[in-house]
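Written out below as structure tokens is the structure these notes cover.
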Amino acid sequence: MKTDNTTNHRLTPRHFLLALIEDINCAMILALPVPAVCVTMTERNDEALLRFYLASWIIFPFIAIVRAFLWKTRYYYQYLLLSVACILSCCGCAWVIGSALFGPVFRNLLTGTCGVLLLLVCYDANAIRRNEIERQKAEEVNDITWSPRSSLLEYPRLPVIILYVIMYILALITNCKAMCDVSFCSAFACLFLSLTYQYIRRRENYLKDKRHISNVPVHRIRAISTLFLATVLIIVLAVAVPSGFARKLRPYQDIRFWEFSLPAEPEEETPYVPYSSIGGMEEFFGDIDGPLPDRREPPLWLNIVSGIFAAAALFLVLQALYRALKRSFLAFRGTRENDDIIVSLEEEKDDIQKILKKMYRREPDTERYRIRRNYKKVIRRHRKDRPLPAEMPEDIEKKAGLYGTPEGQELHNRYEDARYSG
């Protein structure tokens, strides 16, 4: 039996299917909020509402582009440029489609909605990438305190069906047949996508954990598990089809026009007092004699102190903003090939090296330290490897090829004098 114990870095059909399911799930969730608000409007056109929902799916190809290039971009500014380009392109497409399907009001609403939804997708994808990089780093250092941050839009989950059930009930009590059908289909589609996604994910993780074992029947495991998944999906489909034919039996209600009234309490009658009877404006301001006092200018020293505090506060805010942006750019680095995350460590420096460099910079510029620095420089020039902490000066000079030479003897004597002198 042929085994599959090597890591495949090509884009396999399984990874493509998983990415497609993630994109469809994201578009299904984001296309519902605006219709959910519109079903409660008294002046509502069900046909226009259904067209608006279908037109909102214009974000789907741009979701696929953002998520596909999420791990292709190496630097944060590249991802930001890609996100801005996708948002502007999506708004342009929504404007064209809205002009063909709706009037100016719904066209502008569709354009703004698509732009906001895709901005949310870009922000969520950024958080997903950072979470994956942090997870990889936590696994490398065995950090048991790290906890993942799950995202609703990352992949389909079975609890998401509750959102479609709530939308179905809301459309049912507002007599919106179109959104009832949309919610019904979305709920079963979410069930299909969740079962398929979780099956593929868990199966591949199981096979990945068994890579160190030889003679694992990978193809047989995939074939048998796929058969079981197909059986479950057929059962779900057998339940969904008869339920779709029963759509005429839905008990629609319309609470939009229900009127709720409470018994009115008797109002207390207050006698009307004319304005002239209370003395007018003259009596109201009668206690003020003469003109109002002039406004006093603050002293010069107070303006100077205020300016200094304002400049210091602005400097601290800008410094904090710079550090936050720097952390964001550094935390974004890393690439992923299929399920393996590769974190770039090119510009990360060891903390010990940073401390040593700081100590080296703080050495006083005396004759003693100049001799020691010259000793290190000569050794580095004649020796490629780094001396061990346990090596004595004689051992260091032997490996550098300076031991026994006039140059080496003079260097050794000067270093010993500088090392053990006061």
Side-chain angles (χ1 to χ4, degrees), residues 4 8-33 53-54 56-72 82 86 90 114 117-118 120-129 131-132 135 148-165 167-168 182-208 218 221-241 336-341:
D4 187 10
N8 186 11
H9 297 291
R10 295 183 298 105
L11 182 61
T12 62
R14 289 185 297 275
H15 290 93
F16 177 78
L17 179 60
L18 290 177
L20 181 62
I21 291 176
E22 292 174 356
D23 299 338
I24 294 175
N25 171 73
C26 184
M28 284 175 52
I29 295 175
L30 294 179
L32 274 182
Y53 169 79
L54 296 177
S56 299
W57 275 78
I58 189 62
I59 65 175
F60 173 72
F62 298 99
I63 292 175
I65 293 174
V66 170
R67 288 175 174 263
F69 286 92
L70 174 63
W71 293 99
K72 303 297 182 182
L82 174 67
C86 288
C90 181
C114 291
L117 294 180
L118 195 58
L120 179 62
V121 171
C122 296
Y123 176 80
D124 184 75
N126 180 24
I128 291 173
R129 170 164 172 157
N131 185 68
E132 287 294 317
R135 180 186 64 82
R149 297 186 298 271
S150 59
S151 170
L152 180 66
L153 306 178
E154 185 174 359
Y155 60 86
R157 299 178 175 87
L158 288 177
V160 178
I161 298 178
I162 298 176
L163 297 177
Y164 303 114
V165 173
M167 181 64 195
Y168 180 85
V182 169
S183 304
F184 177 83
C185 297
S186 298
F188 276 97
C190 180
L191 182 60
F192 269 74
L193 296 177
S194 299
L195 293 176
T196 305
Y197 187 91
Q198 296 294 342
Y199 150 72
I200 297 177
R201 206 55 155 167
R202 293 179 180 179
R203 183 194 67 186
E204 296 305 315
N205 289 337
Y206 171 80
L207 294 176
K208 187 177 180 180
V218 175
I221 292 175
R222 285 174 176 165
I224 295 175
S225 57
T226 303
L227 179 61
F228 277 102
L229 175 67
T231 304
V232 174
L233 294 181
I234 290 174
I235 295 174
V236 174
L237 184 62
V239 175
V241 172
R336 182 175 66 178
E337 296 179 356
N338 293 340
D339 293 329
D340 298 327
I341 300 175

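Throughout, residue positions are numbered sequentially from 1 according to the sequence presented.
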Heavy atoms only: give me the nearest [X]-[Y] pair and the separation to one decimal.
X      : Y     : result
Cys190 : Met28 : N-CE, 4.0 Å
Ala125 : Val66 : CB-CG1, 4.3 Å
Glu154 : Arg67 : O-NH1, 3.7 Å
Phe62  : Ile58 : CD1-O, 3.3 Å

Go through the steps to decide whether Leu158 and Gln198 satisfy the test side-chain contact (heavy atoms from CB on, under 4.5 Å), and finish with yes or no.
CA-CA 10 Å; Leu158 288 177; Gln198 296 294 342; over 6 Å; no
Residue list, side-chain hydrogen bond (donor to acceptor under 3.5 Å, both in side chains) with Tyr206, at least two apart or on another chain:
none
Mind checking what makes side-chain hydrogen bond (donor to acceptor under 3.5 Å, both in side chains) contact with Asp23, not counting sequence neighbours?
none
Residues two or more places apart in sequence or in another chain: which of them pass ring pair (Phe, Tyr, Trp, His ring centres under 6.0 Å) with [X]?
X      : value
Phe60  : none
Tyr168 : none
Tyr197 : Tyr155

Distance in Å, [X] [atom1] paired with [Y] [atom2], rounded so as to fall on 0.5 Å steps:
X      : Y      : atom1 : atom2 : answer
Arg203 : Arg14  : CZ    : CZ    : 6.0 Å
Ile200 : Thr196 : CD1   : OG1   : 6.5 Å
Asn131 : Asn126 : CG    : CG    : 11.0 Å
Ile161 : Ser183 : CD1   : OG    : 12.5 Å

Looking at Arg129 and Leu70, would you say the former's side chain and the latter's main chain have a donor-acceptor pair under 3.5 Å?
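The answer is yes, because a donor-acceptor pair under 3.5 Å joins these two groups.
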I'd like to know if the side chain of Asn205 reaches the main chain of Arg201, judged simply by a donor and an acceptor atom lying under 3.5 Å from each other, with no hydrogens or angles considered.
yes
Counting heavy atoms not belonging to Ile162, are there more than 12 under 6.0 Å from its CD1?
no
If you count heavy atoms of other groups shown closer than 6.0 angstrom to CZ of Phe69, is the number above 12?
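12 or below, so no.
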Donor-acceptor pairs are to be reported for all side-chain atoms of residues 228-238 against protein atoms at under 3.5 Å, with residues two or more places apart or in another chain.
unit_1 : atom_1 : unit_2 : atom_2 : d
Thr231 : OG1    : Leu227 : O      : 2.9

Take Phe188 and Phe192 through the ring pair (Phe, Tyr, Trp, His ring centres under 6.0 Å) test and state the conclusion after the steps.
CA-CA 6 Å; Phe188 276 97; Phe192 269 74; 7.6 Å; no
May I ask you to test the Arg222-Leu207 pair for a side-chain heavy-atom distance under 4.5 Å?
yes
Is the closest side-chain heavy-atom distance between Leu153 and Asn25 below 4.5 Å?
no
With sequence neighbours excluded, residues passing side chain to side chain contact (heavy atoms under 4.5 Å, CB included) with Ile59
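For Ile59 the side chain to side chain contact (heavy atoms under 4.5 Å, CB included) partners, ignoring immediate neighbours, are Leu30, Ile63, Cys90, Cys114, Leu117.
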Set of residues satisfying side chain to side chain contact (heavy atoms under 4.5 Å, CB included) with respect to Leu32, sequence neighbours excluded:
Tyr53, Tyr164, Met167, Met179, Val182
